[in-house]
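All values below come from the heavy atoms of this structure, side chains included, with hydrogens, waters and symmetry mates left out. Residue numbering restarts at 1 for every chain, and letters A, B, ... go by the order of the sequence lines.
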Amino acid sequence: MQDDTFFDKVYKVVKCIPPGRVTSFGAIARFLGTGKSARMVGWAMNASHSQLENVPAHRVVNRVGLLSGKHHFEGGNVMQQLLESEGIKVSDDKVVNFAQLFWDPAKELVL
DNA sequence: TTGCTGACCGACG
DNA sequence: CCGTCGGCCAGCA
């Protein structure tokens with residue numbers, strides 16, 4: 001699938017995230033094989049606005065479960081509301097039980 | 001065309 | 001424990 005660029009790969013993985021689950025930038029980056037390029041994953045989220053399909057970027061958080069990208073949403077607590085809407089508890093912009101809700105594409109995503 | 005920046009992570013001292 | 005640095009790729013001026 002060489003047609004898929006790094007961004008497209010990120011979008012695909014993010015869109016494969018099941019509801020009620022969250023993942024981290026590093027997990028996606030490592031899954032894509034970039035590993036250290038976790039920053040690109042976040043940048044892809046920023047570019048996700050260009051994607052016609054809605055990318056559940058609210059399910060993507062940093063390694064500590066912090067809603068690092070919530071500042072990039074409509075500007076409010078939309079990201080937290082979306083997570084809570086899926087059953088994910090969020091406290092102080094952080095995902096509760098992050099370890100349990102953590103979804104690793106390299107393990108749970110079956111190609 | 002070149003260069004800087006960016007929602008991060010991991011390693012080192 | 002905490003501060004600092006390197007690294008990857010794509011978009012924008």
Side-chain angles (χ1 to χ4, degrees):
Chain A
M1 299 298 183
Q2 59 272 19
D3 287 16
D4 293 341
T5 59
F6 187 88
F7 276 39
D8 291 332
K9 291 177 184 175
V10 175
Y11 301 140
K12 184 180 291 184
V13 175
V14 174
K15 286 188 287 188
C16 285
I17 300 172
R21 295 282 180 168
V22 291
T23 189
S24 61
F25 296 93
I28 298 173
R30 193 170 64 176
F31 172 71
L32 296 176
T34 49
K36 298 177 181 178
S37 306
R39 307 200 311 187
M40 310 297 75
V41 180
W43 190 244
M45 298 288 97
N46 187 18
S48 67
H49 290 269
S50 297
Q51 297 299 304
L52 300 177
E53 296 184 57
N54 69 321
V55 180
H58 60 273
R59 292 178 187 160
V60 184
V61 295
N62 62 9
R63 69 177 192 86
V64 298
L66 183 69
L67 281 63
S68 51
K70 83 137 193 181
H71 205 58
H72 282 265
F73 275 75
E74 296 185 6
N77 54 343
V78 181
M79 188 171 182
Q80 181 174 338
Q81 292 297 313
L82 290 170
L83 292 171
E84 291 182 340
S85 181
E86 295 183 354
I88 301 173
K89 297 182 179 71
V90 179
S91 178
D92 188 27
D93 297 337
K94 290 180 294 186
V95 177
V96 181
N97 300 334
F98 174 65
Q100 295 179 347
L101 299 174
F102 182 73
W103 179 79
D104 188 347
K107 295 179 180 177
E108 307 205 38
L109 178 59
V110 181
L111 299 176

request  = State plainly whether the residues A:Arg59 and A:Glu86 are in salt-bridge range, i.e. N to O under 4.0 Å.
outcome  = yes
task = Using a strict 4.0 Å threshold on nitrogen-to-oxygen distance, state whether A:Lys15 and A:Glu53 make a salt bridge.
result = yes
request  = Please measure how far the P atom in B:dA7 lies from the corresponding atom in C:dA13, and state the result in whole Å.
outcome  = 16 Å
query = Under 4.0 angstrom, heavy atoms only, what part of the nucleic acid is A:Asn46 near: base, sugar-phosphate, or nothing?
reply = base
inquiry  = For a quick check of understanding: with a heavy-atom distance under 4.0 Å over all strands, which category does A:His71 fall into, base, sugar-phosphate or nothing?
reply    = nothing
key: A:Arg63 CZ to B:dC8 P, straight-line distance once rounded to whole Å   = 12 Å
ask   = Please give, in whole Å, the distance from B:dA7 C1' to A:His72 NE2?
value = 4 Å
inquiry  = Restricting to non-hydrogen atoms, name the atom on A:Phe102 and the atom on A:Ala27 that form the minimum distance, rounded to 0.1 Å.
reply    = CZ-CB, 3.6 Å
ask   = Quick check: does any side chain N or O of A:Ser24 sit under 3.5 Å from a backbone N or O of A:Asn62, one acting as donor and the other as acceptor?
value = no
query = Do other residues, nucleotides or ligands put more than 12 heavy atoms under 6.0 Å from the NE2 atom of A:His49?
reply = yes
query = Side-chain heavy atoms under 4.5 angstrom apart, residues restricted to Ile, Leu, Val, Met, Phe, Trp, Tyr: same cluster for A:Phe98 and A:Leu82?
reply = yes
Provide a list of protein-nucleic acid N or O atom pairs under 3.5 angstrom, restricted to nucleotides 7-11 of chain C.
{"unit_1": "C:dG7", "atom_1": "O6", "unit_2": "A:Arg39", "atom_2": "NH1", "d": "2.8"}
{"unit_1": "C:dG7", "atom_1": "N2", "unit_2": "A:Lys36", "atom_2": "O", "d": "2.5"}
{"unit_1": "C:dC8", "atom_1": "O4'", "unit_2": "A:Ser37", "atom_2": "OG", "d": "2.7"}
{"unit_1": "C:dC8", "atom_1": "N3", "unit_2": "A:Arg39", "atom_2": "NH2", "d": "3.3"}
{"unit_1": "C:dC8", "atom_1": "N4", "unit_2": "A:Arg39", "atom_2": "NH2", "d": "3.4"}

task = Starting from the 5' end of DNA chain B, give me the residue, A:Arg30 or A:Met79, whose nearest nucleotide shows up first.
result = A:Met79
